[in-house]
*Asks:* 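Here it is, the structure in full.
Heads up: numbering here begins at 1 and tracks the sequence.
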Amino acid sequence: METSMQTITQTAPGGVETMLLITNAPIPDPKPDEVLIKVAYAGVNRPDVAQRAGMYAPPPNASPIMGLEVSGHVLAVGANVTEWCVGDAVCALTPGGGYAQYCVALAAHCLPIPEGLSLLEAAALPENFFTVWVNVFDTCKLKAGESLLVHGGSSGIGLTAIQLARAFGATVYTTVGNDAKAAFCKDLGAITFNYNTQDWAAELATHTEKRGVNVILDMVGGSYIEKNLRNLALEGRYCFIAFLQGGSAQIDFRPLMMKRQTITGSTLRARPDAHTAAIADALKLQVWPLIEAGKIKPTIHATFPLADVAKAHALMESSAHIGKIMLLVGGEI
């Protein structure tokens, strides 16, 4: 086994130019409940961009290296690990460390590669599927016959939410920034609004006959908050997962009381390990069979070599992509 690895480090928080590839970082040792993964692919996500900019610090005791999801093969297991063996192919949600040739993850936060998916596709699953499942289905209790509004429908989160909600029998509305993204989301079964050419809030009110939607998954915040609340149904549930426009808004909350609405929010990194393990169990039981049946599939927009991570982050910040942006670490294009 090698004694050092390639990874991405930072000179200081800031722009894409602060990220550097180094070749002599120490390989992490798995703790008793962890596995060491030889990374094939890693996903690039908005929280990585925020961490790079100094606005999303990793939790205590987590790796300072960016990267929240990987796929690869188990290279070593901790003393307490019984569910995985050396050589197993896995994808994993990590608290950090994915932008590296080797990464540790809790064994309970690893999942098998769904049958029929490549390692590249599997690495695109954890961050989005854990996030959507816990917020839309666990917390907001979306069920068949209800409706979901998800902003940023062409993002990894958006495409995951559209497919999962449709698979479980919900009507899905989404906002996007251009006609190509609208067409892509429409093909997945979503009713789409182009926020650059349409008044999406007015259009949504018309589509729902002013009844509103049952669940809203919001990663935008800012000016969208008041519009979202106005389009939230009686006993509707509104969940924040990010604030691309900021977390402040001038709101009259009296209608929230009259309509018995709920507002909530979460981040994955701040959850207790046992909670995250329970999400993994739910995904394996209820979602992995849908993926293996071909009913849900990740969309890969672009894959960059690890050394080109700056290009990957620049693409993420441009919002020009549809689906996931990935890093090739030890796999093959």
Side-chain angles (χ1 to χ4, degrees), residues 43 45-47 68-71 83 90-95 98 105-115 117 121-174 185 188-190 213-219 236-242 262-299 323-324:
N45 294 283
R46 288 280 178 184
L68 301 174
E69 60 185 348
V70 300
S71 69
E83 61 266 49
V90 297
C91 57
L93 186 75
T94 79
L106 280 169
H109 297 176
C110 297
L111 285 161
I113 307 298
E115 185 177 345
L117 259 61
E121 292 169 315
L125 299 176
E127 173 70 11
N128 291 163
F129 279 77
F130 275 73
T131 298
V132 171
W133 185 263
V134 72
N135 288 290
V136 174
F137 295 94
D138 275 359
T139 302
C140 290
K141 309 295 183 187
L142 181 72
K143 57 182 181 291
E146 291 193 323
S147 55
L148 167 72
L149 168 64
V150 55
H151 293 293
S154 62
S155 67
I157 289 285
L159 296 177
T160 300
I162 291 169
Q163 292 184 83
L164 279 174
R166 292 285 296 155
F168 284 95
T171 299
V172 183
Y173 301 91
T174 191
C185 294
L188 293 178
V213 294
N214 302 106
V215 176
I216 296 175
L217 185 65
D218 186 13
M219 62 187 81
R237 291 85 74 194
Y238 181 1
C239 183
F240 292 103
I241 57 170
T262 301
I263 298 176
T264 185
S266 72
T267 64
L268 279 178
R269 269 179 157 180
R271 287 181 173 271
D273 292 338
H275 290 191
T276 306
I279 302 169
D281 290 341
L283 288 172
K284 184 177 180 181
L285 178 66
Q286 300 190 60
V287 176
W288 257 226
L290 296 174
I291 297 173
E292 292 178 341
K295 296 180 180 179
I296 297 173
K297 188 176 178 67
T299 298
K324 293 288 293 187

*Asks:* Please list all pairs meeting ring pair (Phe, Tyr, Trp, His ring centres under 6.0 Å) that have one or both residues in residues 264-289, counting only residues at least two apart or in different chains.
*Replies:*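 Sorted pair list comes back empty.
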
*Asks:* Using every non-hydrogen atom in the two residues, find where Val70 and Gly98 come nearest and quote the distance to one decimal.
*Replies:* CG1-CA, 3.5 Å

*Asks:* What verdict does the side chain to side chain contact (heavy atoms under 4.5 Å, CB included) test give for Thr139 and Ser266, after you've listed the backbone C-alpha separation in whole Å, the side-chain angles of each residue and the deciding distance to 0.1 Å?
*Replies:* CA-CA 10 Å; Thr139 302; Ser266 72; 5.8 Å; no

*Asks:* So which atom in Ile291 and which in Pro114 form the shortest heavy-atom distance, rounded to 0.1 Å?
*Replies:*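 Heavy atoms only, the tightest pair is CG2-CB, 3.8 Å.
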
*Asks:* Please find the pair of heavy atoms, one from Leu188 and one from Gln163, that lie closest to each other, and give the distance.
*Replies:*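 What the structure gives for the nearest pair is CD1-CG, 4.1 Å.
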
*Asks:* Please determine which of Ile279, Val134, Ile296, Leu111 meets the side-chain contact (heavy atoms from CB on, under 4.5 Å) test together with Phe129.
*Replies:* Ile296

*Asks:* Under a 3.5 Å distance rule, please check whether Thr264 uses its side chain to pair with a backbone N or O of Cys239 as donor and acceptor.
*Replies:*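 It does not hold such a pair.
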
*Asks:* Mind listing the closest non-hydrogen atom pair of Ala161 and Leu217 along with its distance?
*Replies:* CB-CD2, 4.2 Å

*Asks:* Rounded to the nearest 0.5 Å, what separates atom CG in Asn128 from atom CG in Leu159?
*Replies:*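 With rounding to 0.5 Å, CG (Asn128) is 8.5 Å from CG (Leu159).
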
*Asks:* For a 4.5 angstrom cut-off between non-hydrogen side-chain atoms, does Leu68 reach Pro47?
*Replies:* yes

*Asks:* CZ/Phe240 to CG/Asn135 distance, rounded to the nearest 0.5 angstrom?
*Replies:* 12.0 Å

*Asks:* Drop me the distance from Glu127's CD to Arg269's CZ, to the nearest 0.5 angstrom.
*Replies:* 8.5 Å

*Asks:* Any heavy-atom pair between the side chains of Leu142 and Phe168 that's under 4.5 Å?
*Replies:*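 Not touching, per the 4.5 Å side-chain cut-off.
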
*Asks:* Do the side chain of Arg237 and the main chain of Lys141 share a donor and acceptor less than 3.5 angstrom apart?
*Replies:* yes

*Asks:* Check each of Ile241, Thr267, Thr160 against Thr131 using the side-chain contact (heavy atoms from CB on, under 4.5 Å) test, and report the only one that passes.
*Replies:* Ile241

*Asks:* Tell me whether His109 contacts the main-chain N or O of Asp273 through its side chain, where contact means a donor paired with an acceptor under 3.5 Å.
*Replies:* yes

*Asks:* Could you tell me the separation between the CG atom of Asp138 and the CZ atom of Phe130, rounded to the nearest 0.5 Å?
*Replies:*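 Answer rounded to 0.5 Å: 11.5 Å.
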
*Asks:* Heavy atoms, side chains only, cut-off 4.5 Å: are Glu69 and Cys91 in contact?
*Replies:*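 Answer no - side chains too far apart.
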
*Asks:* May I have the step-by-step check of side chain to side chain contact (heavy atoms under 4.5 Å, CB included) for Trp133 and Gln286, ending in yes or no?
*Replies:* CA-CA 10 Å; Trp133 185 263; Gln286 300 190 60; 3.6 Å; yes

*Asks:* To the nearest 0.5 Å, what is the distance between CD1 on Ile157 and CE on Met219?
*Replies:*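 Answer rounded to 0.5 Å: 5.5 Å.
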
*Asks:* Check Pro298 against Ala124 and note the closest heavy-atom contact, atom names and distance.
*Replies:*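 Between these two residues, the closest heavy atoms are CB-CB, 4.1 Å.
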
*Asks:* Calculate, to the nearest 0.5 Å, the distance between atoms CG and OG1 belonging to Leu149 and Thr174 respectively.
*Replies:* 7.0 Å

*Asks:* Which atoms form the tightest heavy-atom contact between Pro126 and Ala123, and what is the distance?
*Replies:*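 That closest heavy-atom pairing would be CD-O, 3.6 Å.
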
